[in-house]
K.L.:
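I am attaching a structure below and will ask some questions about it afterwards.
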Amino acid sequence: MERHKLQYEVLNQHNPNAETGQTWEVEVHATPEELQTFAETGYLVREGLFQGESLQKLRDALEHLEEREWEKRDSAIAGKKGWGFIPRHLMDKDETFLELLKFQPTLSIARAMMGPLVRLRGLSARITYPGEDREQQTPWHQHMRVISNPIPPWFSRPHCIDCLIYLDDLNEDTGAVAVVPNSHNWLDKATPNSYEPMEGEVELRVKAGGGVLIHGNLWHRGLPTLNAKRRMLILSYTPTWLRKSPHGGAQPEDGLTHSFLEDADQEERMLLGVGGYS
Ligand SMILES: O=C(O)CCC(=O)C(=O)O
Ligand SMILES: [Fe+2]
């Protein structure tokens, strides 16, 4: 995969030594042309983010989590129609997930698109199961539903990059993911609550270990899981000054990130949402 280098300075004359005031060198895991397309269309496909052992390690970690949280899973998938099982706070639950904190193939792109001061909004998973008696898919939706109408002059448009990382092949059995290119720029309308195909939608089928990076407000939906279990991770980034995901309740009190933060460096603290603005 081609790379290029970027350099940022965060302008802070009052306190040039502040954590934010340093010079940031970013080796971006994408070409400038790819980033331009990402900005315009709102999505970027990345095949082979994880392969071989590293893919297997993620699958194993998710399987262990699924076993530990089987009660939550069973109640999540009991309904006929639904999103499936969505375990959250993954970095607090397994070292394998915490190791994704500085995963450069996605973090470097987040920094290239949103600046150096970014944080994790969350790492969760979505697992869907086939079955005669269930229908697991998602309606059209977007992730940052906070846009006002009309838009005032100094409105802060929310930006977020959600990396949908697939641990199984996307195909007819598991279900593709569909996106509407450029819809992240439609600030005057919201997604319909519908499961129907839409004009202009693109269905994406990546291989296991691949990902689809989306702007958090891109219109998208997960197609039905018909014949085989489907596992996805969603690794999200926002600027440091945005709050983290409101979903999934409180962070586990004895979560891994708590002890990790005790010895974490400034960048790690920032990524976990401690500081990063002044
Ligand atoms: O599973 C997918 O492909 C997309 C899931 C999704 O949109 C979500 O969990 O927010
Ligand atoms: Fe989504």
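Since this is a predicted model, take the numbers as computed values, not measurements. Read the numbers this way: they start at 1 and go in the same order the structure lists the ligands and their atoms. The analysis underlying the following values was restricted to heavy atoms, covering all of them including side chains, and did not include hydrogens, waters or symmetry mates.
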K.L.:
Closest to the Fe ion (ligand 2), which N/O/S atom of H220 is it?
P.N.:
NE2

K.L.:
Is there a donor-acceptor contact under 3.5 Å from the side chain of T225 to the main chain of T174?
P.N.:
yes

K.L.:
With respect to the Fe ion (ligand 2), what is the nearest N, O or S atom of H141?
P.N.:
NE2

K.L.:
Please identify which atoms of ligand 1 are closer than 4.0 Å to at least one heavy atom of R230.
P.N.:
1 (O), 2 (C), 3 (O)

K.L.:
Name the closest protein heavy atom to atom 10 (O) of ligand 1, giving the residue it belongs to and the distance to 0.1 Å.
P.N.:
H143 NE2, 3.0 Å

K.L.:
Considering only non-hydrogen protein atoms, determine which one is nearest to atom 4 (C) of ligand 1 and report residue, atom name and distance to 0.1 Å.
P.N.:
M232 SD, 3.8 Å

K.L.:
What are the two closest heavy atoms between F85 and E66, and how far apart are they?
P.N.:
CE2-CG, 4.2 Å

K.L.:
Run the salt-bridge test on E69 and K93 with the 4.0 Å N-O cut-off and return the result as yes or no.
P.N.:
yes

K.L.:
Show which atoms of ligand 1 fall inside a sub-4.0 Å distance from at least one heavy-atom site of Y166.
P.N.:
2 (C), 3 (O)

K.L.:
To which protein heavy atom is atom 9 (O) of ligand 1 closest, and what is the distance rounded to 0.1 Å?
P.N.:
R126 CD, 3.7 Å

K.L.:
Do R230 and D168 meet the salt-bridge criterion of a basic N to acidic O distance under 4.0 Å?
P.N.:
no

K.L.:
Heavy-atom contacts with V177 under 4.0 Å: which atoms of ligand 1 show up? List them by number with element.
P.N.:
3 (O)

K.L.:
Considering the options H247, H220, H184, which one meets the side-chain hydrogen bond (donor to acceptor under 3.5 Å, both in side chains) requirement together with H143?
P.N.:
H220

K.L.:
When you check the gap from the basic side-chain N to the acidic O, do R46 and E34 get nearer than 4.0 Å?
P.N.:
yes

K.L.:
Using distance alone, decide if ligand 1 has a nitrogen or oxygen within less than 3.5 Å of any nitrogen or oxygen in H220.
P.N.:
yes

K.L.:
On a heavy-atom basis, which atom in F155 and which in I151 lie closest, and how many Å separate them?
P.N.:
CB-CG2, 3.6 Å

